[in-house]
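Both ligands and their constituent atoms are indexed starting at 1 by order of listing. Note that the numbering runs from 1 along the sequence shown for the chain. Everything numeric in this text was worked out from a predicted model, so none of it was measured. Only heavy atoms go into these numbers, but all of them, side chains included; no hydrogens, no water, no symmetry mates.
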Amino acid sequence: DKGLEKTKTNFFDQLSKAVVGKSKVDEEVLDDLEEMLVHSDVGVGTTIKIIKRIEDRVARDKYVSTNELDKILREEVAALLEENNSGKGTEITVPAGIKPYVIMVVGVNGVGKTTTIGKLAAQFHKAGKKVVLGAADTFRAAAVDQLIIWGQRVGVPVISHGMNTDPASVAFDAVKKGVEMDADVVIIDTAGRLHNKVGLMNELTKIKRVMQKFIEEAPHEVLLVLDGSTGQNAVLQATEFTKATDVTALAITKLDGTAKGGVVIGISDEFKIPVKYIGVGEKIEDLQIFNKYEFVDSLFS
Ligand code: GDP
């Protein structure tokens, strides 16, 4: 898998070094493995869980060969993620009975929020869905323009009132347009400010409230976008955003540019919110539906 090449190479090299000259998985090998997982940004808590699983397995099987280590690691990580949120790779699916399905997208500036919305819009559009975008990130100069460009590229309407306008009013008009157009999906970009928790919460609550004037259950999804190359910063952002609003899905971007794709495992384990998409490049097709088995395979093999 091209997009995850850096993480994969990094991990595989380290793993080979850790087991060189050794035939048996022992305490020393497990210590090295633990360090590697932490270095790959899996996170300390999740790393401990993974090591414990492998230790148990070594204790049970008495002898585990180092040749099998990557296979066992893969199995145990996949099993851990399976226990957390069941189901193989899932995208955001638009239920037949709900129209339009409203997706609010949150995340701090620069994580790839606008790009992810563009890529998502392209996927829905390609699947024959009618899409409307709402440019409610009205605080950043380029955000509105960028979303309009994405809208033109994909061929879907973008509702915008320009910069420094009221984000809630943009969201309101986008949902209104979605209803008028009989759209399947409305995707709302939001401002990525984490300046203070109460401010963020109030802003997102206000956006939700005005949308609910049209559709009581809106937003049906809150997609949090995190930059996977920022490692533990992404974890901190997830902590803040999950406190501020009900996040239902995650997209983790920029995994092509990092050797630390392990952060996806840590975040998935820690927040128990399904990772639905991973970003592996800047182009329109570089948004993959997350499949935990394929992901773990691509990391550890
Ligand atoms: P926003 O401020 O969160 O809306 O971020 P943008 O969507 O403007 O993205 C910021 C930068 O990250 C842009 O240059 C994007 O092309 C880039 N970007 C977004 N997603 C990815 C990704 O998955 N991989 C790479 N390499 N770059 C990405």
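For ligand 1, the atoms closer than 4.0 angstrom to any heavy atom of Gln146 are 8 (O). Applying the 4.0 Å criterion to heavy atoms of Thr114 picks out, from ligand 1, the atoms 1 (P), 4 (O), 7 (O). Atoms of ligand 1 found under 4.0 Å from any heavy atom of Gly279, numbered from 1 in the order shown, are 23 (O). Residue Gly110 approaches ligand 1 through these ligand atoms, each under 4.0 Å from one of its heavy atoms: 1 (P), 2 (O), 3 (O), 5 (O), 10 (C). Near Val108, meaning under 4.0 Å from one of its heavy atoms, ligand 1 places the atoms 3 (O). Each of the following atoms of ligand 1 lies closer than 4.0 Å to a heavy atom of Thr115: 6 (P), 7 (O), 9 (O), 15 (C), 19 (C). Residue Gly281 has at least one heavy-atom neighbour below 4.0 Å for each of these atoms of ligand 1: 21 (C), 22 (C), 23 (O), 24 (N), 25 (C).
Heavy-atom minimum distance, Glu221 versus Ala249: OE1-CB, 3.9 Å. Across all their heavy atoms, Met201 and Ala244 have their closest contact at CG-O, 3.2 Å.
Ranking protein heavy atoms by distance to atom 11 (C) of ligand 1, first place goes to Lys254 NZ, 3.9 Å. Regarding atom 16 (O) of ligand 1, its nearest protein heavy-atom neighbour is Glu282 OE1, 2.5 Å. Closest to atom 3 (O) of ligand 1 among all protein heavy atoms lies Lys113 N, 2.7 Å.
Nearest residue to atom 5 (O) of ligand 1 from Gly112, Ala142, Gly257 is Gly112 (criterion: closest heavy atom).
For the pair Gln288 and ligand 1, no heavy-atom separation below 4.0 Å is found. The closest approach between a heavy atom of Asn109 and any atom of ligand 1 is below 4.0 Å.
Within a 6.0 Å sphere centred on CD of Glu27, heavy atoms belonging to other residues, nucleotides or ligands number 12 at most. Atom NZ of Lys99 has more than 12 heavy atoms from other residues, nucleotides or ligands within 6.0 Å.
Counting heavy atoms closer than 4.0 Å to ligand 1, residue Lys283 contributes nothing at all. At a heavy-atom distance under 4.0 Å, only side-chain atoms of Asp256, from C-beta outward, approach ligand 1. Only backbone heavy atoms of Val280 (N, CA, C or O) come within less than 4.0 Å of ligand 1; its side chain stays farther off.
One distance of note links OG1 of Thr114 with CD of Gln146; it measures 5.0 Å at 0.5 Å rounding. Between the CD1 atom of Ile159 and the CG atom of Asp173 there is a distance of 7.0 Å, given to the nearest 0.5 Å.
Contact check for Thr115 versus Trp150: side-chain heavy atoms found under the 4.5 Å cut-off.
A salt bridge links Lys22 and Glu28; the closest N-O separation between the charged side-chain nitrogens and carboxylate oxygens is under 4.0 Å. By the 4.0 Å N-to-carboxylate-O rule, Arg60 lies too far from Asp56 to be salt-bridged with it. Salt-bridge check for Asp269 with Lys49: passed, with a basic side-chain N closer than 4.0 Å to an acidic carboxylate O. A salt bridge does not link Asp184 to Lys130: none of the charged nitrogens lies less than 4.0 Å from a carboxylate oxygen.
Considering backbone and side-chain atoms alike, Thr253 places every N or O at 3.5 Å or more from each N or O of ligand 1.
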